[in-house]
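Remember, predicted model here, so these are calculated numbers, not experimental data. Side chains are part of it too, since the values below use all heavy atoms of this structure and drop only hydrogens, waters and symmetry mates.
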Amino acid sequence: TVYDSSNGKVVISYKDDANSGYGTAVVGTVSGTSISFGTPVVFNADNTTDFSLVYDSANQKVVISYSDRGNGDYGTAIVGTVSGTSISFGSEVVFESTYTYNISSTFDSTNNKVVIAYMDVGNSQRGTAIVGTVSGTSISFGSPVVFESGSTQHTSSVFDPDTGKVVIAYSDNGNSNYGTAVVGTVSGTSISFGTPVVFNTARSDPMSLTYDPTNQKVVIAYLHGGNSQGKAIGGTVSGTSISFDTSSTFESGEARDISAIYDPDTKKVVIAYRDGGNSNYGTAVTFNLRTFLKNLTSENFIGISDGAYSNGQTATIQISGSIDDAQSSLTPGQKYYVQNDGTLSETADSPSVFAGTAVASTKLIING
């Protein structure tokens, strides 16, 4: 499923088993708490699997990527144009001429490119990605690039607009099926990758990625194979790498068929899944990362509190010229700067806000 923001419509693609497994799409219109649908349209008149949809906001097109079983399970893509309650399609374009599996696509709005990640079965099941460029009702591709030299499964991808990077997460079959993520940088019609980073040292499948712009983090929802619990974790992209927070449990039972999406109105991630511990019922839960209000400026820093306080309590603030003696591990004589998350560092953040100079390992002269 994908949202077409220019037309205010939802597009759903699926394998129509009642019609020989044909690849089919339908347009949905949301009204209040209900949704209505137009007439389904066939985009591939053959057995079709492994769908992934993305919306190209630059060209106002929907791009569907899939495995075409009627054509050797080749990786294939097609461009769709929504009009009213219907959708029309251009011609199918093959992006991988071999058995293609675990397809996941995302749209890089910095470079206006579609990025498709997949398992290339014809190349030892290696994790591979390719960059697509939409023009009119067609799409063209650069050359495939391997992001994982081992076999991969359960691929999911998302675009981080704050860093302009693509993040791909997957189960690394060559490393005990550990949950792993890698950062990709698009340039022209190609993509390059940093070093893969493990976020879960246990079997991790399935998984789904979304981006939380409030906290500027990628969120990965996944099944932790070590204890069959549903987990979610936040990741921060920096350069060509990604670092991760501590994971949280959203389902103590087995979570399957996971799908995560960010809701900008509530600033929370919604995770939908099949609850294996409750008769496989369809279940949803909200997940929110710890949010820091990054409102620091060079003018609004007035000092440091003399201790820890709870909501509603009156705090004493040690202002400029005071000595804060509640610190630890400071380097005497070293200047310290306030960070956006409220901590202190020897390196200035953006904006640069001077906190003070350490006179002892536990003492800081504020603004001094």
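When side chains are defined from C-beta on, Tyr337 does not count as touching Glu346, because their heavy atoms never get closer than 4.5 Å. At least one side-chain heavy atom of Tyr309 sits under 4.5 Å from a side-chain heavy atom of Thr316. Within the 4.5 Å cutoff, no side-chain heavy atoms of His224 are placed close to those of Ser204. Side chains of Ser241 and Val197 form a contact here, defined as non-hydrogen atoms less than 4.5 Å apart. No side-chain heavy atom of Asp120 sits less than 4.5 Å from a side-chain heavy atom of Tyr101. Taking the side chain as every heavy atom from C-beta outward, Leu364 and Ile304 approach each other to under 4.5 Å. Residues Val63 and Leu53 fail the side-chain proximity criterion, which asks for heavy atoms closer than 4.5 Å. Residues Val146 and Asn123 meet the side-chain proximity criterion, which asks for heavy atoms closer than 4.5 Å.
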* To do: Please step through side-chain contact (heavy atoms from CB on, under 4.5 Å) for the pair Val182 and Thr195, ending with a clear verdict.
  => CA-CA 6 Å; Val182 66; Thr195 303; over 6 Å; no
* Asked: What do the steps show when you test Phe244 against Ile220 for side-chain contact (heavy atoms from CB on, under 4.5 Å), and what is the final call?
  -> CA-CA 10 Å; Phe244 289 96; Ile220 306 176; 3.7 Å; yes
* To do: Walk me through it: do Glu254 and Leu223 pass the test side-chain contact (heavy atoms from CB on, under 4.5 Å)?
  => CA-CA 7 Å; Glu254 186 178 52; Leu223 174 66; 4.2 Å; yes
* **Full working for ring pair (Phe, Tyr, Trp, His ring centres under 6.0 Å) between Phe250 and Phe287** => CA-CA 8 Å; Phe250 66 82; Phe287 170 76; 7.8 Å; no
* Test ring pair (Phe, Tyr, Trp, His ring centres under 6.0 Å) on Phe354 and Phe301 and set out the steps. => CA-CA 9 Å; Phe354 178 57; Phe301 171 67; 8.9 Å; no
* Please walk me through it: do Arg203 and Asp205 pass side-chain contact (heavy atoms from CB on, under 4.5 Å)? -> CA-CA 7 Å; Arg203 185 181 183 92; Asp205 55 31; 2.8 Å; yes
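Distance check, rounded to the nearest 0.5 Å: OG of Ser65 to CD1 of Ile103 gives 6.5 Å. For the atom pair Met119 CE and Thr155 OG1, the distance stands at 7.0 Å (nearest 0.5 Å). How far OG of Ser259 is from OH of Tyr273: 13.0 Å, rounded to the nearest 0.5 Å. The line from CD1 of Ile116 to OG1 of Thr106 is 11.0 Å long, rounded to the nearest 0.5 Å. Distance check: Lys363 NZ to Gln327 CD gives 12.5 Å after rounding to the nearest 0.5 Å. To the nearest 0.5 Å, atom CG of residue Asp325 and atom CD1 of residue Ile323 are 8.0 Å apart.
Nearest heavy atoms, Ser109 versus Phe159: OG-CE2, 3.2 Å. Taking both residues in full, the closest heavy atoms of Ser171 and His154 are given as CB-CD2, 4.1 Å, listed atom of the first, atom of the second, then distance. Between Pro144 and Glu96 the shortest heavy-atom distance is CG-OE1, 3.8 Å. Across every non-hydrogen atom of Ala260 and Val269, the tightest pair is CB-CG1, 4.1 Å. Closest non-hydrogen pair, Thr48 versus Asn44, comes out as OG1-ND2, 2.8 Å. The shortest heavy-atom contact between Pro206 and Asp257 is CG-N, 3.7 Å.
Side-chain atoms of Ser352 never come within 3.5 Å of backbone atoms of Ser350 as a donor-acceptor pair (strictly under, hydrogens ignored). In this structure, Gln60 contributes its side chain and Ser57 its backbone to no donor-acceptor pair below 3.5 Å. Checked by atom type and distance alone, the side chain of Arg126 pairs as donor or acceptor with a backbone atom of Ser149 at under 3.5 Å. Side-chain atoms of Asn7 never come within 3.5 Å of backbone atoms of Lys9 as a donor-acceptor pair (strictly under, hydrogens ignored). In terms of modelled atom types and a separation under 3.5 Å, the side chain of Asp108 and the main chain of Asn111 share a donor-acceptor contact. The backbone N or O of Ile365 sits nowhere less than 3.5 Å from a side-chain atom of Thr357 that would complete a donor-acceptor pair. Without hydrogens or angle criteria, Asp212 side chain to Asn215 main chain gives a donor-acceptor distance under 3.5 Å. Looking at Thr180, its side chain does come within 3.5 Å of a backbone N or O of Tyr178 through a donor-acceptor pair. Checked by atom type and distance alone, the side chain of Ser345 pairs as donor or acceptor with a backbone atom of Thr347 at under 3.5 Å. Looking only at distances, a side-chain donor or acceptor of Thr297 sits under 3.5 Å from a matching main-chain atom of Asn300.
Here the rule is ring-ring contact (aromatic ring centres under 6.0 Å, His included) with Phe43, and of Tyr14, Tyr66, Tyr22 only Tyr66 fits it.
Between the side chains of Ser157 and Ser104, a donor-acceptor pair is found at a separation under 3.5 Å. If you check the side chains of Ser6 and Asp4, you find a donor sitting under 3.5 Å from an acceptor. For Thr214 and Tyr262, the side-chain atoms include at least one donor-acceptor pair closer than 3.5 Å. Thr185 and Lys165 form a side-chain donor-acceptor contact under 3.5 Å, judged by distance and modelled atom types alone. A side-chain donor-acceptor contact under 3.5 Å links Ser105 and Ser52. Of the N and O atoms on the side chains of Glu148 and Tyr170, at least one donor lies less than 3.5 Å from an acceptor on the other residue. With 3.5 Å as the limit, one finds no donor-acceptor pair spanning the side chains of Lys268 and Thr286. Residues Asp275 and Asn280 have side chains that never bring a donor and an acceptor to within less than 3.5 angstrom of each other. A donor-acceptor contact closer than 3.5 angstrom links the side chains of Asn173 and Ser151. A donor-acceptor contact under 3.5 angstrom links the side chains of Gln318 and Asp324, judged on distance only.
Checked against side chain to side chain donor-acceptor pair (under 3.5 Å), Tyr99 has no partners two or more places apart in sequence or in another chain.
At a threshold of 4.5 Å between side-chain heavy atoms, the hydrophobic network of Ile, Leu, Val, Met, Phe, Trp and Tyr places Ile242 and Ile233 in one connected group. Leu296 and Leu344 fall within the same hydrophobic cluster, where Ile, Leu, Val, Met, Phe, Trp and Tyr residues are linked whenever their side-chain heavy atoms come under 4.5 Å apart, directly or through other members. Linking ILVMFWY residues whenever their side-chain heavy atoms come closer than 4.5 Å, directly or via other members, places Ile366 and Val353 in the same cluster. Under a hydrophobic clustering in which Ile, Leu, Val, Met, Phe, Trp and Tyr are joined whenever their side-chain heavy atoms come within less than 4.5 Å, directly or via other members, Ile168 and Tyr211 fall into different clusters. Hydrophobic clustering keeps Tyr74 apart from Phe95 (ILVMFWY residues linked when any side-chain heavy atoms are closer than 4.5 Å, directly or through intermediates).
Using a 30° and 60° split on the angle between ring planes, Phe199 and Tyr222 fall in the perpendicular class, above 60°.
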Contacts table for residues 130-137: side-chain donor-acceptor under 3.5 angstrom, sequence neighbours left out:
residue : atom : partner : partner atom : Å
Thr133  : OG1  : Lys113  : NZ           : 2.7

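Ionic pairing of Lys217 and Asp160 is not present here: no N-O contact between side-chain nitrogen and carboxylate oxygen is shorter than 4.0 angstrom. Using a 4.0 Å cut-off between charged nitrogen and carboxylate oxygen, Lys15 and Asp50 do not count as a salt-bridge pair.
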